[in-house]
Amino acid sequence: EIFENPRLPLHLDIGCASGDFLFDLSFKNENWNYMGIEIREKLVLNANLKMQSREYKNLYFLFGNANNIFDHSKNKSLISSIKSISFYFPDPWFKKKHHKRRVIQPEIINFLSNTMQKRSLIFIKTDVKDLFDYMESTISESIKFNKLAKEDFLFHESFNPNKIQTNREKYVMLNQLKIYESIYIKI
(Lines give C-alpha, C1' and ligand atoms only; values in the text may rest on other atoms or scores of the structure.)
Protein backbone atom coordinates (compact mmCIF):
# COMPACT_ATOMS: atom_id res chain seq x y z
CA GLU A 1 0.00 0.00 0.00
CA ILE A 2 1.17 3.50 -0.85
CA PHE A 3 -0.86 5.23 1.86
CA GLU A 4 -1.50 4.32 5.48
CA ASN A 5 -5.25 4.68 4.91
CA PRO A 6 -6.05 3.91 1.26
CA ARG A 7 -9.78 4.54 1.88
CA LEU A 8 -9.23 8.30 2.16
CA PRO A 9 -10.12 10.33 -0.94
CA LEU A 10 -7.18 10.72 -3.32
CA HIS A 11 -6.04 13.98 -4.92
CA LEU A 12 -3.55 13.89 -7.79
CA ASP A 13 -1.40 16.92 -8.61
CA ILE A 14 0.02 16.76 -12.13
CA GLY A 15 3.30 18.62 -12.48
CA CYS A 16 3.92 18.91 -8.75
CA ALA A 17 7.47 20.30 -9.19
CA SER A 18 9.32 20.12 -5.85
CA GLY A 19 6.13 19.14 -4.05
CA ASP A 20 5.92 22.13 -1.68
CA PHE A 21 2.21 22.57 -2.36
CA LEU A 22 1.52 18.90 -1.60
CA PHE A 23 3.68 18.94 1.53
CA ASP A 24 1.59 21.85 2.84
CA LEU A 25 -1.68 20.13 1.90
CA SER A 26 -0.63 16.81 3.43
CA PHE A 27 0.48 18.42 6.66
CA LYS A 28 -2.67 20.52 7.12
CA ASN A 29 -5.27 18.04 5.89
CA GLU A 30 -4.95 14.44 7.04
CA ASN A 31 -8.41 13.58 5.69
CA TRP A 32 -7.09 13.18 2.14
CA ASN A 33 -4.31 11.26 0.41
CA TYR A 34 -2.11 13.24 -1.99
CA MET A 35 -0.05 12.06 -4.91
CA GLY A 36 2.20 14.20 -7.05
CA ILE A 37 3.42 13.33 -10.54
CA GLU A 38 6.43 15.18 -11.92
CA ILE A 39 8.33 14.66 -15.17
CA ARG A 40 11.63 16.01 -13.79
CA GLU A 41 13.23 13.14 -11.88
CA LYS A 42 15.54 15.31 -9.76
CA LEU A 43 12.55 17.15 -8.27
CA VAL A 44 10.86 13.84 -7.36
CA LEU A 45 14.08 12.52 -5.79
CA ASN A 46 14.38 15.73 -3.73
CA ALA A 47 10.72 15.52 -2.67
CA ASN A 48 11.19 11.90 -1.59
CA LEU A 49 14.30 12.89 0.40
CA LYS A 50 12.33 15.66 2.08
CA MET A 51 9.63 13.13 3.02
CA GLN A 52 12.18 11.20 5.08
CA SER A 53 12.55 14.15 7.49
CA ARG A 54 8.95 13.67 8.66
CA GLU A 55 6.65 10.70 8.51
CA TYR A 56 4.06 11.50 5.84
CA LYS A 57 1.30 8.91 5.81
CA ASN A 58 -0.89 10.53 3.17
CA LEU A 59 1.64 11.71 0.58
CA TYR A 60 3.42 10.04 -2.33
CA PHE A 61 5.51 11.28 -5.27
CA LEU A 62 5.82 9.56 -8.61
CA PHE A 63 8.32 10.29 -11.37
CA GLY A 64 7.10 10.14 -14.94
CA ASN A 65 5.12 11.64 -17.75
CA ALA A 66 1.46 11.85 -16.70
CA ASN A 67 0.31 10.79 -20.16
CA ASN A 68 2.41 7.62 -19.95
CA ILE A 69 1.33 6.86 -16.39
CA PHE A 70 -2.32 7.25 -17.31
CA ASP A 71 -1.81 5.15 -20.41
CA HIS A 72 -0.43 2.19 -18.47
CA SER A 73 -3.18 -0.38 -17.83
CA LYS A 74 -1.80 -1.42 -14.42
CA ASN A 75 -2.55 2.10 -13.13
CA LYS A 76 -6.25 1.98 -14.02
CA SER A 77 -7.38 1.09 -10.49
CA LEU A 78 -5.34 3.96 -9.07
CA ILE A 79 -6.86 6.38 -11.57
CA SER A 80 -10.37 5.17 -10.82
CA SER A 81 -9.84 5.93 -7.11
CA ILE A 82 -8.98 9.60 -7.75
CA LYS A 83 -11.48 12.12 -6.38
CA SER A 84 -9.75 15.19 -7.80
CA ILE A 85 -6.88 16.23 -10.06
CA SER A 86 -5.12 19.57 -10.25
CA PHE A 87 -3.27 20.97 -13.23
CA TYR A 88 -1.83 24.09 -11.61
CA PHE A 89 0.41 26.40 -13.61
CA PRO A 90 1.59 23.82 -16.14
CA ASP A 91 4.32 24.64 -18.67
CA PRO A 92 2.56 26.74 -21.35
CA TRP A 93 4.78 25.62 -24.24
CA PHE A 94 4.24 28.93 -26.02
CA LYS A 95 5.43 27.94 -29.51
CA LYS A 96 2.65 26.42 -31.61
CA LYS A 97 4.87 23.53 -32.72
CA HIS A 98 5.33 22.62 -29.02
CA HIS A 99 1.62 22.68 -28.07
CA LYS A 100 1.63 18.87 -28.37
CA ARG A 101 3.85 18.84 -25.26
CA ARG A 102 1.21 20.50 -23.10
CA VAL A 103 0.07 18.20 -20.31
CA ILE A 104 -3.63 18.62 -21.05
CA GLN A 105 -4.30 16.90 -24.36
CA PRO A 106 -7.54 15.48 -25.80
CA GLU A 107 -6.21 11.93 -25.23
CA ILE A 108 -5.62 12.44 -21.51
CA ILE A 109 -9.02 14.11 -21.03
CA ASN A 110 -10.69 11.28 -22.93
CA PHE A 111 -8.90 8.73 -20.74
CA LEU A 112 -9.90 10.55 -17.54
CA SER A 113 -13.48 10.91 -18.73
CA ASN A 114 -13.68 7.14 -19.13
CA THR A 115 -11.78 6.24 -15.94
CA MET A 116 -12.54 8.75 -13.20
CA GLN A 117 -15.51 8.23 -10.91
CA LYS A 118 -18.63 10.33 -11.32
CA ARG A 119 -18.46 13.58 -9.32
CA SER A 120 -14.65 13.56 -9.45
CA LEU A 121 -13.13 16.96 -10.09
CA ILE A 122 -10.50 18.55 -12.32
CA PHE A 123 -8.99 21.87 -11.22
CA ILE A 124 -7.05 24.02 -13.69
CA LYS A 125 -5.15 27.18 -12.86
CA THR A 126 -2.63 29.33 -14.76
CA ASP A 127 -1.49 32.88 -15.29
CA VAL A 128 -1.26 32.43 -19.08
CA LYS A 129 -4.54 33.34 -20.81
CA ASP A 130 -3.75 31.45 -24.04
CA LEU A 131 -2.97 28.28 -22.08
CA PHE A 132 -6.10 28.69 -19.97
CA ASP A 133 -8.26 29.02 -23.10
CA TYR A 134 -6.62 25.91 -24.53
CA MET A 135 -7.16 23.87 -21.34
CA GLU A 136 -10.77 25.00 -21.06
CA SER A 137 -11.46 24.20 -24.69
CA THR A 138 -9.85 20.75 -24.43
CA ILE A 139 -11.76 19.76 -21.28
CA SER A 140 -15.03 21.26 -22.52
CA GLU A 141 -14.91 19.08 -25.63
CA SER A 142 -15.62 16.10 -23.41
CA ILE A 143 -19.33 15.53 -22.83
CA LYS A 144 -18.44 13.85 -19.52
CA PHE A 145 -17.18 17.00 -17.78
CA ASN A 146 -19.19 20.06 -16.78
CA LYS A 147 -17.72 23.35 -15.62
CA LEU A 148 -18.71 24.36 -12.09
CA ALA A 149 -19.36 27.90 -10.96
CA LYS A 150 -16.51 28.72 -8.59
CA GLU A 151 -18.79 30.68 -6.26
CA ASP A 152 -20.99 27.60 -5.83
CA PHE A 153 -18.08 25.30 -5.03
CA LEU A 154 -17.61 24.16 -1.42
CA PHE A 155 -13.84 24.43 -0.92
CA HIS A 156 -14.07 23.18 2.66
CA GLU A 157 -15.10 19.76 1.27
CA SER A 158 -12.29 19.65 -1.30
CA PHE A 159 -8.68 18.47 -1.29
CA ASN A 160 -7.68 22.04 -0.36
CA PRO A 161 -10.06 23.25 2.37
CA ASN A 162 -7.59 25.89 3.57
CA LYS A 163 -7.02 27.33 0.06
CA ILE A 164 -3.27 26.76 0.25
CA GLN A 165 -1.43 28.42 -2.64
CA THR A 166 1.29 26.99 -4.87
CA ASN A 167 4.65 28.79 -5.05
CA ARG A 168 3.76 30.06 -8.52
CA GLU A 169 0.39 31.30 -7.30
CA LYS A 170 2.10 33.24 -4.49
CA TYR A 171 4.48 34.79 -7.03
CA VAL A 172 1.63 35.75 -9.38
CA MET A 173 -0.39 37.29 -6.54
CA LEU A 174 2.64 39.21 -5.24
CA ASN A 175 3.19 40.66 -8.71
CA GLN A 176 -0.53 41.46 -9.04
CA LEU A 177 -0.94 39.37 -12.19
CA LYS A 178 -4.20 37.72 -13.24
CA ILE A 179 -4.93 34.09 -12.40
CA TYR A 180 -7.32 32.09 -14.56
CA GLU A 181 -8.96 29.07 -12.99
CA SER A 182 -11.82 26.63 -13.49
CA ILE A 183 -13.24 23.53 -11.85
CA TYR A 184 -14.80 20.67 -13.80
CA ILE A 185 -16.90 17.81 -12.51
CA LYS A 186 -17.21 14.37 -14.06
CA ILE A 187 -20.87 13.64 -14.83
Side-chain angles (χ1 to χ4, degrees), residues 6-17 21-22 25-26 28-29 31-39 58 62 65-73 75-93 99-166 168-169 172-173 177-187:
R7 290 185 299 273
L8 291 176
L10 175 62
H11 175 77
L12 182 64
D13 186 37
I14 308 291
C16 65
F21 176 60
L22 291 178
L25 285 170
S26 171
K28 293 187 177 171
N29 188 8
N31 297 320
W32 279 74
N33 287 325
Y34 299 96
M35 179 180 285
I37 296 178
E38 176 55 52
I39 198 166
N58 64 336
L62 188 61
N65 181 313
N67 291 302
N68 295 341
I69 291 168
F70 286 152
D71 199 30
H72 206 285
S73 61
N75 295 326
K76 225 168 191 159
S77 64
L78 173 71
I79 308 304
S80 66
S81 69
I82 294 170
K83 298 288 186 214
S84 60
I85 298 177
S86 55
F87 295 92
Y88 284 176
F89 301 93
D91 191 327
W93 293 104
H99 284 191
K100 64 183 177 238
R101 296 180 183 168
R102 289 177 170 175
V103 69
I104 291 186
Q105 295 291 333
E107 298 80 17
I108 198 170
I109 298 303
N110 183 51
F111 177 82
L112 294 174
S113 74
N114 290 317
T115 315
M116 290 176 74
Q117 298 174 28
K118 285 185 178 180
R119 308 215 39 84
S120 297
L121 301 167
I122 294 179
F123 296 79
I124 61 171
K125 192 179 292 192
T126 183
D127 55 329
V128 179
K129 177 72 166 116
D130 176 58
L131 176 61
F132 178 73
D133 292 343
Y134 170 81
M135 292 191 298
E136 281 225 306
S137 170
T138 304
I139 297 171
S140 295
E141 286 176 10
S142 171
I143 60 170
K144 295 183 182 177
F145 289 107
N146 280 346
K147 186 174 178 177
L148 293 177
K150 189 179 167 195
E151 56 274 6
D152 295 335
F153 185 72
L154 304 174
F155 278 94
H156 68 277
E157 294 178 4
S158 76
F159 76 97
N160 190 1
N162 302 311
K163 295 188 178 181
I164 293 170
Q165 297 177 331
T166 68
R168 178 66 187 182
E169 189 171 4
V172 170
M173 299 294 284
L177 303 172
K178 182 145 176 59
I179 293 178
Y180 306 94
E181 59 186 310
S182 287
I183 304 168
Y184 289 86
I185 188 166
K186 165 88 183 289
I187 55 171

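These figures come from a predicted structure and were not determined experimentally.
Residues Phe132 and Tyr180 bring their aromatic ring centres within 6.0 Å.
For Pro90 against Met135, the heavy-atom pair with the smallest separation is CG-SD, 3.9 Å. Closest approach of Pro92 to Leu131, counting heavy atoms only: CA-CD2, 3.7 Å.
Judged purely by atom type and a 3.5 angstrom limit, Lys186 uses its side chain to pair as donor or acceptor with the backbone of Ser113. Between the side chain of Asn58 and the main chain of Trp32, a donor-acceptor pair closer than 3.5 Å is present. Side chain of Ser120 to main chain of Ile82: a donor-acceptor pair is present (N/O by atom type, distance under 3.5 Å, no hydrogens or angles).
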### Query
Passes side-chain contact (heavy atoms from CB on, under 4.5 Å), Leu25 versus Asn29? Steps please.
CA-CA 6 Å; Leu25 285 170; Asn29 188 8; 5.7 Å; no
#### Entry: Step-by-step side-chain contact (heavy atoms from CB on, under 4.5 Å) determination, Tyr134 to Val128
CA-CA 10 Å; Tyr134 170 81; Val128 179; over 6 Å; no
### Task
Dump the intermediate steps for side-chain contact (heavy atoms from CB on, under 4.5 Å) on Ser86 and His11, then the final yes or no.
CA-CA 8 Å; Ser86 55; His11 175 77; 2.9 Å; yes
### Task
Starting from the C-alpha separation in whole Å, work towards a yes-or-no answer on side-chain contact (heavy atoms from CB on, under 4.5 Å) for Ile108 and Ile14.
CA-CA 12 Å; Ile108 198 170; Ile14 308 291; 5.9 Å; no
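We find that Asp133 and Arg102 are not joined by a salt bridge, their nearest charged nitrogen and carboxylate oxygen being 4.0 Å or further apart. Between Asp91 and Arg101, no side-chain nitrogen of the basic residue sits less than 4.0 Å from a carboxylate oxygen of the acidic one, so the salt-bridge criterion is not met.
Rounded to the nearest 0.5 angstrom, Gln105 CD and Phe111 CZ are separated by 15.5 Å. With rounding to the nearest 0.5 Å, the separation of NZ in Lys118 from NZ in Lys144 is 9.0 Å. Atom CE of Met35 is separated from atom CD1 of Ile85 by 11.0 Å, given to the nearest 0.5 angstrom. Between the OG1 atom of Thr138 and the CD1 atom of Ile109 there is a distance of 7.0 Å, given to the nearest 0.5 Å. Here CD1 of Ile139 is found 6.5 Å from CZ of Phe87. Values are rounded to the nearest 0.5 Å. To the nearest 0.5 angstrom, Asn33 atom CG is 4.5 Å from Leu8 atom CG.
Taking the side chain as every heavy atom from C-beta outward, Lys83 and Leu121 never approach each other to under 4.5 Å. With contacts defined as side-chain heavy-atom distances shorter than 4.5 Å, the pair Glu136/Lys147 qualifies. Two residues are said to be in side-chain contact when any heavy atoms from C-beta on lie closer than 4.5 Å; Phe89 and Ile179 meet this criterion.
Scored by the ring-ring contact (aromatic ring centres under 6.0 Å, His included) test, Phe123 finds Phe153, Phe159 as partners (sequence neighbours excluded).
Atom CD1 of Ile143 has 12 or fewer neighbouring heavy atoms from other residues, nucleotides or ligands inside a 6.0 Å radius.
Using a 3.5 Å distance cut-off with no hydrogens or angles, the side chains of Tyr88 and Glu181 do not pair a donor with an acceptor.
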